[in-house]
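Below: one structure, written as structure tokens.
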Amino acid sequence: MDKVVELIDVSMNYHTPEGETQAVKNLSLSVDKGEFISIVGPSGCGKSTVLSLISGILKPSSGAIQINGMPVDGPSQNVGYMLQRDHLFDWRTVRSNAVIGLEIQKKLNNTSIKYVERLLDEYGLSEFKDHYPKQLSGGMRQRAALIRTLAANPDILLLDEPFSALDYQTRLALSEEIWLIIKKEEKTAILVTHDIAEAVSMSDRVLVLTKRPAEIRSEHPIVLTCALHTPISCREAPEFRHYFNTIWKELDIHV
Amino acid sequence: MYSKGPDTVVIMSPEHAEYLRKEKFTQHAIRVSRILLLLLLFALWEAAAAFKWIDPFIMSQPSRILRTILTLSKDGSIFLHTGVTVYETVLGFISGTVLGTLIAIVLWWSDFTARVLDPYLVVLNALPKTALGPVILVWAGGTTGSIIIMALLISVVVTILNVYLSFRTCDEDKIKLLKTFGATRLQILRKVILPFSIPSIISVLKINVGLSLVGVIVGEFLVSRAGLGYLIIYGGQVFKMDLVMTSVLILSVVAAFMYLSVSWIERKLLKMR
């Protein structure tokens, strides 16, 4: 299969007047086309840094990062990034928020606008296009944020704990929904999360990182036997608990 | 799915109707009391002067103020002086706000510049700008220009500090979001920093109305050619307290009117968002 994302021996250090922090150390990973992988790890271990590196907004201290076989040099239009909070702009309507990426990339044209309209219609925001973000619920806001990311039509989606600001019910429902959208639009996805159940239920593969500096501790291909292969129904699979326990032990969390 | 419709029909309970009625009555009572208080103060002043409890020559008197207003209206000079003051103030606070915002943009753009200029801004902010009045007068001459420079100077530093602070409090993740789309610095400024800071810029505008007026009045004291500040200083020098009091009274009405205008603009602008 084609490797769409590849990190080879990547290290990342942060420098402040107080000192140097090693966030990522000799990290290598690759993601195949259409794959959904999750990265879990203890909090503050540098999970988000890995995403920022892949997206090109941070440059690694050493090592190489490739997207579709090309070295990463700054933000790429092939990569979409979804942050923890939706960050919809209060002063823009839902529609106008959804096209902001296109505006920045100067790709605002009839075809791209039609595509955004289709996404908004298809994913339950058709009546809310002219609403302002304040008039939307948390789940709808996060869906609008996903559409904003999809609007620029990236092949790869980076999801940085996109559900963590939501309440539990919304979170389950939305992760199911977003998973379906990602599969339907045939995107490759990398999800960073601290929720083991979320990682196991949504992914084809789960990577467990060590404490800072982040290195790969283990890798788990997830194979679940469930009739409807969606995140919520996969939580019923007999193997689910086994994966959950293994990863939980590996995270080695002491409070 | 999670629609929070604002159009839900509410059936009012008698208890709530009673609450609303009381609330309305209180608001009405406050408004009436305000006007009565003003009338009472003027009446007291008038009576005090009429019964010679105070010397109307020094303290002036509402009826004499009214007479002064009428005399000044007849030859139109009151409109000239008020107009001059308003014109100078508006020019002062608009140029102060625009210039201050532009400088704040420069500081945001170049962190190095911001760090270099930081102590200068601190000192300039602490310095009472009116102390520079005589300097400006000598440099720019006794013209309207000096007065506007005075008004601008007094408002520009506060504007720089407030607007720059607002630029910096803009959420880093909002900027990160635009960066993931490959935004340039100019795009970040236009798409997030400026729209995010509009409320701060407007609230600075409100502060600047008052500050500019201080600058203009001090400027008019010094330049002494026209304006309400000139009338006040002239009235004081020739001991026409009626003229001084009249000018102060008009000045307070003008100040309130300008403040309310900016508040009105603020409401209009924020409603559009």
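Sequence lines set the chain letters: A, B, ... in the order given, protein chains first and strands last, and positions in each chain run from 1.
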(Q) What part of A/Thr93 gets within 4.5 angstrom of chain B, counting heavy atoms only: side chain, backbone, both, or neither? (A) neither
Q. Side-chain contact, heavy-atom cut-off 4.5 Å: B/Phe196 with A/Trp91?
A. yes
Q) When you look at CG of B/Asp111, are more than 12 heavy atoms from neighbouring residues, nucleotides or ligands closer to it than 6.0 Å? A) yes
Q | Contacts of residues 97-106 of chain A with chain B (heavy atom under 4.5 Å) | A | A/Ile100, A/Gly101, A/Glu103, A/Ile104, A/Gln105, A/Lys106
Q. If you count the non-hydrogen atoms of other residues, nucleotides and ligands that lie under 6.0 Å from CZ in A/Arg212, is the total more than 12?
A. no
Q) For A/Leu88, is it the side chain, the backbone, both or neither that has a heavy atom under 4.5 Å from a heavy atom of chain B? A) backbone
Q.
Per the side chain to side chain donor-acceptor pair (under 3.5 Å) rule, what does the pair list look like for residues 120-131 of chain B, sequence neighbours excluded?
A. none
Q | B/Arg190, CZ: over 12 other non-hydrogen atoms inside 6.0 angstrom | A | no
Q) Within a reach of under 6.0 Å around OH of A/Tyr14, are more than 12 heavy atoms found that belong to other residues, nucleotides or ligands? A) yes
Q) Does NE2 in A/His15 sit with more than 12 non-hydrogen atoms of other residues, nucleotides or ligands closer than 6.0 Å? A) yes
**Q.** Residues of residues 151-182 of chain B contacting chain A, heavy-atom criterion under 4.5 Å, by residue number
**A.** B/Asp171, B/Asp173, B/Lys174, B/Lys176, B/Leu177, B/Leu178, B/Lys179, B/Thr180, B/Phe181, B/Gly182
Q: Using the side chain to side chain donor-acceptor pair (under 3.5 Å) rule, collect all pairs that involve residues 86-104 of chain B, keeping only residues at least two apart or in two chains.
A: B/Thr97-B/Asn208
Q) Does CG in A/Asp130 sit with more than 12 non-hydrogen atoms of other residues, nucleotides or ligands closer than 6.0 Å? A) yes
Q: Tell me, for A/Arg148 versus chain B, whether the close heavy atoms (under 4.5 Å) come from the side chain, the backbone, both or neither.
A: both
(Q) Just checking B/Glu18: does its CD atom have more than 12 heavy atoms from other residues, nucleotides or ligands closer to it than 6.0 angstrom? (A) yes
